[in-house]
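Any value given below was found using the heavy atoms of this structure, including those in side chains, with hydrogens, waters and symmetry copies removed. Quick note on labels: first sequence line is chain A, next is B, and so on, each numbered from 1.
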Amino acid sequence: MHSNQLSTMKTTPIQTSAGIFRAHFSERGLAGLDFPDDRTISPARPDDLSAQLRDWLRATKRALKLTLAGKTPKTLPPLDLSTGTEFQQAVWSALRKIPAGQTRSYAEVARAVGRPQGARAVGQACGANPIPVLIPCHRVLAAHGKLGGFSSDPAWKRNLLAREKVGREARQGTGR
DNA sequence: AGTTCGGACCGTT
DNA sequence: AACGGTCCGAACT
């Protein structure tokens, strides 16, 4: 079931101001997003893609670029999160409710999903997030505002938070 | 005020 | 049974 899904997965690059991401689509929707790395992959020819896939890709591009600009996309492509456990999906769902420019602690997210003692497990679930950026695991910090960990390069966490912070400050003037 | 250490907690493999 | 993107308090500096 799971291995068969992998074979039908379509992967395509997405060029952004932050580099070339890679998006993975299953039959159900966007199933994975990779940060830019040295690996290179050629984009599929438009005629090679189904109309549905083109639509998902276009929605993904739009949402990704908006988020990288510190904004909040109104709509996302359909997400295929079927690889996650019940708990992980609950955490990922909670992550999506954190507005851009805001942060939560792992303990706060744990409370939000009804496992007040599960902060560590939340960290694990964040690390298992298959669609970073769009599912904003970077908005979860350790207690007392410390950065906390990140599965890929922690520099990405800083980078993403910085992008959202400038958007926030520009939006509401010089707070402080 | 900042740092380090040691237990305790929880889901996943 | 062991491992993490943790947390908290206590004991330091």
Side-chain angles (χ1 to χ4, degrees), chain A residues 1-9 11 14 16-24 26 28-39 60 63-73 76-77 79-169 175-176:
Chain A
M1 213 201 237
H2 184 254
S3 53
N4 190 18
Q5 260 183 0
L6 227 127
S7 58
T8 25
M9 200 91 70
T11 299
I14 297 183
T16 75
S17 62
I20 303 176
F21 287 73
R22 276 199 316 276
H24 307 280
S26 72
R28 302 173 62 89
L30 178 65
L33 188 64
D34 300 339
F35 283 103
D37 56 24
D38 42 8
R39 234 197 99 181
T60 302
L64 181 56
K65 289 175 183 176
L66 277 174
T67 308
L68 288 174
K71 300 180 175 183
T72 304
L76 295 182
L79 306 182
D80 180 2
L81 302 176
S82 58
T83 55
T85 66
E86 197 77 12
F87 175 77
Q88 288 169 336
Q89 295 191 27
V91 169
W92 299 339
S93 170
L95 298 187
R96 294 179 56 184
K97 292 177 185 148
I98 308 176
Q102 293 191 27
T103 63
R104 301 285 184 273
S105 72
Y106 293 95
E108 283 173 325
V109 175
R111 265 177 267 159
V113 297
R115 290 276 164 338
Q117 310 288 26
R120 270 197 108 159
V122 166
Q124 254 186 179
C126 287
N129 171 20
I131 310 181
V133 186
L134 264 40
I135 296 178
C137 52
H138 58 278
R139 294 181 192 146
V140 187
L141 308 186
H144 299 36
K146 284 171 318 213
L147 188 63
F150 206 65
S151 299
S152 55
D153 190 349
W156 273 111
K157 194 168 183 174
R158 279 202 168 286
N159 186 327
L160 293 169
L161 288 170
R163 287 169 177 266
E164 297 185 350
K165 185 165 194 186
V166 299
R168 183 182 171 76
E169 282 170 359
R176 231 356 46 162

**OP:** Taking all non-hydrogen atoms of both residues into account, name the closest pair between A:T103 and A:E108 and its distance.
**Re:** O-OE1, 4.5 Å

**OP:** Kindly indicate whether the side chain of A:Q124, heavy atoms from C-beta on, has any atom under 4.5 Å from the side chain of A:V91.
**Re:** no

Subject >> A:L134 side, atom CG; A:L66 side, atom CG - distance, nearest 0.5 Å >> reply: 9.5 Å

Original post:
With sequence neighbours left out, what residues match A:R139 under salt bridge (charged side-chain N to carboxylate O under 4.0 Å, His left out)?
Top reply: A:E164

Original post:
If we only count heavy atoms from C-beta on, is the A:V133 to A:F21 side-chain gap below 4.5 Å?
Top reply: yes

Original post:
How far does CG of A:L30 sit from OG1 of A:T60, to the nearest 0.5 angstrom?
Top reply: 4.5 Å

**OP:** Please collect all salt bridge (charged side-chain N to carboxylate O under 4.0 Å, His left out) contacts where either partner lies in residues 84-96 of chain A, sequence neighbours excluded, each pair once.
**Re:** none

Original post:
Residues two or more places apart in sequence or in another chain: which of them pass side chain to side chain contact (heavy atoms under 4.5 Å, CB included) with A:S93?
Top reply: A:K97

Original post:
In dot-bracket form, how is DNA chain C paired, counting a Watson-Crick or G-U wobble pair only if both its distances are under 3.5 Å and using | for bases paired to another strand?
Top reply: ||||.||||||||

Original post:
Among all residues two or more places apart in sequence or in another chain, which pass the side chain to side chain contact (heavy atoms under 4.5 Å, CB included) test with A:P130?
Top reply: A:L81, A:W92

Original post:
What are the bounds, 5' to 3', of the part of DNA chain C that sits under 4.0 Å from heavy atoms of chain A?
Top reply: C:dC3 to C:dC8

Subject >> Derivation of the side-chain contact (heavy atoms from CB on, under 4.5 Å) call for A:L161 and A:L141 >> reply: CA-CA 10 Å; A:L161 288 170; A:L141 308 186; 3.8 Å; yes

Write out a two-atom table: protein N or O, nucleotide N or O from nucleotides 1-10 of chain B, distance below 3.5 Å.
{"from": "B:dA8", "atom 1": "N6", "to": "A:R120", "atom 2": "NH1", "distance (Å)": "3.4"}

Subject >> Given DNA chain C, 5'-ward residue of the pair A:R111 and A:G123, judged by closest heavy atom >> reply: A:G123

Subject >> Residues that A:T72 engages under side chain to side chain contact (heavy atoms under 4.5 Å, CB included), provided they are two or more places apart >> reply: A:A100

Original post:
What's the spacing between A:D37 CG and A:R22 CZ if we round to 0.5 Å?
Top reply: 4.5 Å

**OP:** Using the P atom on both, measure C:dG5 against B:dA8 and round to a whole Å.
**Re:** 22 Å

Original post:
Which residues, if any, of residues 31-38 of chain A bring a heavy atom under 4.0 Å of DNA chain C?
Top reply: none

Subject >> pair A:P132-A:L33: side-chain heavy atoms closer than 4.5 Å >> reply: yes

For a quick test of your reading: what N or O donor-acceptor pairs under 3.5 Å do the side chains of residues 110-122 of chain A make, sequence neighbours left out?
none

Original post:
Which is true for A:G127 with a 4.0 Å heavy-atom rule: it touches a base, it touches only sugar-phosphate, or it touches nothing?
Top reply: base

Subject >> Near-strand residues of residues 129-141 of chain A, defined as heavy-atom separation under 4.0 angstrom from DNA chain B >> reply: none

Which side-chain N or O atoms in residues 148-158 of chain A pair as donor and acceptor under 3.5 Å with protein atoms at least two apart or in another chain?
{"from": "A:D153", "atom 1": "OD1", "to": "A:A155", "atom 2": "N", "distance (Å)": "3.0"}
{"from": "A:K157", "atom 1": "NZ", "to": "A:Y106", "atom 2": "OH", "distance (Å)": "3.2"}
{"from": "A:K157", "atom 1": "NZ", "to": "A:V140", "atom 2": "O", "distance (Å)": "2.8"}
{"from": "A:K157", "atom 1": "NZ", "to": "A:L147", "atom 2": "O", "distance (Å)": "2.9"}
{"from": "A:K157", "atom 1": "NZ", "to": "A:G149", "atom 2": "O", "distance (Å)": "2.9"}

